[in-house]
Q: 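Structure below; questions to follow.
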Amino acid sequence: MITGDIPPNQTIYIKNLNEKIKKEELKRSLYCLFSQYGRIFDVVALKTPKLRGQAWVVFSEVTAASNAVRQMQNFPFYDKPMRIQYAKSKSDCVAKEDGSFVPREKKKKQEEKAERKRRAEEAQQSSMANGTGAQSNGGTAASFRNANTQETAAPNNILFIQNLPHETTSSMLEMLFQQYPGFKEVRMIEAKPGIAFVEFEDDVQSSMAMQALQGFKITPQNPMAITFAKK
DNA sequence: AGCACA
């Protein structure tokens, strides 16, 4: 048993991740991939020698973590099968919520100063995973509404995806859609962020993927809107 | 293989 005897935890520990992927991209993609199981509080990944190739995904519910451990076990992610277990301990962001958080006493004065600075910077910069991100969805929501008023195309083998966060990449979508039989390719247009086309072998297979991923949230603000492409 | 919280 891959989870060993680690008791269930709302945080999952993932290893065998592709170490070539940059930290920020890795976190975004993990967030994208795992938000299908529930609300994600945080994604932690460090590239230090000891911690590269590993990550923690903190869910709001243990049940979400359990489903993720089971269903995403060995999922090919950036060409490597993910190995997923429950985390061995409670995440800081969870401890902070339930009041049991005690800051670790490991730092020297120099480092503390550096950390305070970092935190200040982060507050400015925003992170996607905690939902306080500053990336604007206003424009996307508007174009989504407009597009929605258009007539629907007849079922066919190409899906039209809307309301994607602008930082979505084709490889992120590939990881989501390739789970479904008949997947052929993802196409995105540089000049048109927020949308994508996903091609399948036939319209039955595209329909299956549409049903499975309809409303899938890459971020809490971005439920996917999937329709058939106009031919 | 490796369980952290930059």
Side-chain angles (χ1 to χ4, degrees), chain A residues 1-135 167 175 218-220:
Chain A
M1 180 78 143
I2 193 139
T3 57
D5 17 14
I6 304 159
N9 189 313
Q10 73 195 83
T11 302
I12 57 171
Y13 167 73
I14 309 166
K15 61 183 179 180
N16 199 40
L17 293 168
N18 189 326
E19 298 179 11
K20 283 178 288 206
I21 310 306
K22 291 194 298 292
K23 189 171 70 180
E24 284 315 313
E25 178 182 347
L26 183 71
K27 293 213 273 186
R28 277 199 303 268
S29 296
L30 287 170
Y31 186 92
C32 160
L33 196 62
F34 281 99
S35 28
Q36 58 184 311
Y37 297 103
R39 168 98 176 95
I40 293 174
F41 282 159
D42 200 10
V43 178
V44 175
L46 295 275
K47 293 267 272 187
T48 60
K50 193 176 176 204
L51 293 169
R52 59 181 64 232
Q54 300 151 77
W56 290 261
V57 176
V58 188
F59 288 99
S60 65
E61 307 287 343
V62 184
T63 52
S66 301
N67 289 332
V69 169
R70 282 201 314 273
Q71 295 173 34
M72 296 302 278
Q73 198 59 257
N74 302 321
F75 182 85
F77 186 65
Y78 293 110
D79 303 319
K80 299 187 69 181
M82 292 194 283
R83 302 280 129 86
I84 313 176
Q85 303 169 16
Y86 292 113
K88 284 182 181 159
S89 58
K90 187 188 282 186
S91 296
D92 281 2
C93 70
V94 174
K96 279 169 186 160
E97 279 306 306
D98 69 20
S100 62
F101 180 68
V102 267
R104 1 191 117 49
E105 285 309 326
K106 267 253 161 108
K107 287 166 283 186
K108 306 184 181 75
K109 286 191 186 120
Q110 291 281 324
E111 289 165 347
E112 275 178 22
K113 210 187 289 173
E115 185 191 305
R116 219 162 322 171
K117 193 196 217 167
R118 243 189 337 255
R119 286 185 186 279
E121 282 165 4
E122 270 179 11
Q124 307 282 54
Q125 285 182 356
S126 89
S127 85
M128 171 174 138
N130 62 20
T132 59
Q135 83 263 19
E167 54 270 68
M175 290 184 289
I218 287 185
T219 78

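Chain naming here is simple, since letters A, B, ... match the order of the sequence lines and numbering starts at 1 in each. Keep in mind that what you see is a predicted model, and the values were worked out from it rather than measured.
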Q: Between atom CD1 of A:Ile14 and atom CZ of A:Phe34, what is the distance when rounded to the nearest 0.5 Å?
A: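 Spacing of CD1 (A:Ile14) from CZ (A:Phe34) equals 4.0 Å.
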
Q: For A:Asp92 and A:Glu19, take the nucleotide of DNA chain B holding the closest heavy atom to each; which residue's nucleotide lies nearer the 5' end?
A: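 Residue closer to the 5' terminus by nearest nucleotide: A:Glu19.
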
Q: Got a donor-acceptor pair under 3.5 Å from the side chain of A:Thr48 to the base of B:dA4?
A: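 Side chain to base: no pair below 3.5 Å.
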
Q: CG of A:Asn9 versus P of B:dA4: gap in Å, rounded?
A: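 That distance rounds to 13 Å.
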
Q: Specify the separation, in whole Å, of atom CG of A:Asp42 and atom C1' of B:dC5.
A: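 Checked: the CG to C1' distance equals 8 Å.
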
Q: Which of the following nucleotides, B:dG2, B:dA4, B:dC5, is nearest to the side chain of A:Tyr13?
A: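 The closest nucleotide is B:dG2.
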
Q: Is A:Glu61 atom CD crowded by more than 12 heavy atoms from other residues, nucleotides or ligands, each under 6.0 Å away?
A: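 Check fails, neighbour count at 12 or below.
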
Q: Does B:dA4 have OP1 or OP2 sitting under 4.0 Å from an N or O in the side chain of A:Lys50?
A: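 Checking B:dA4 against A:Lys50, a side-chain N or O does come within under 4.0 Å of OP1 or OP2.
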
Q: Using whole Å, what does the distance between atom C1' of nucleotide B:dG2 and atom CG of A:Asn16 come to?
A: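 After rounding, the gap between these two atoms is 11 Å.
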
Q: Send over the distance from A:Gln85 CD to B:dA4 C1', rounded to a whole Å.
A: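 In whole Å, B:dA4 C1' lies 14 Å from A:Gln85 CD.
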
Q: Using a heavy-atom cut-off of under 4.0 Å over every strand shown, decide if A:Lys47 touches base, sugar-phosphate, or nothing.
A: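 No contact.
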
Q: Tell me: NZ of A:Lys23 to C1' of B:dC5, nearest whole Å?
A: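 After rounding, the gap between these two atoms is 11 Å.
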
Q: Mind calculating the distance between CG (A:Asn18) and P (B:dG2) to the nearest angstrom?
A: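 The answer, rounded to whole Å, is 19 Å.
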
Q: From CD of A:Gln54 over to C1' of B:dC5, roughly how many Å is that when rounded to an integer?
A: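 The distance from CD of A:Gln54 to C1' of B:dC5 comes to 13 Å, rounded to the nearest Å.
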
Q: Round to the nearest Å and state the distance from A:Ile40 atom CD1 to B:dC5 atom C1'.
A: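 Distance check: A:Ile40 CD1 to B:dC5 C1' gives 16 Å.
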
Q: Please walk me through it: do A:Asp42 and A:Lys96 pass salt bridge (Lys or Arg N to Asp or Glu O under 4.0 Å)?
A: CA-CA 12 Å; A:Asp42 200 10; A:Lys96 279 169 186 160; over 6 Å; no

Q: About how many Å separate CZ of A:Phe101 and OG of A:Ser91, when rounded to the nearest 0.5 Å?
A: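 A:Ser91 atom OG to A:Phe101 atom CZ measures 11.0 Å (nearest 0.5 Å).
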
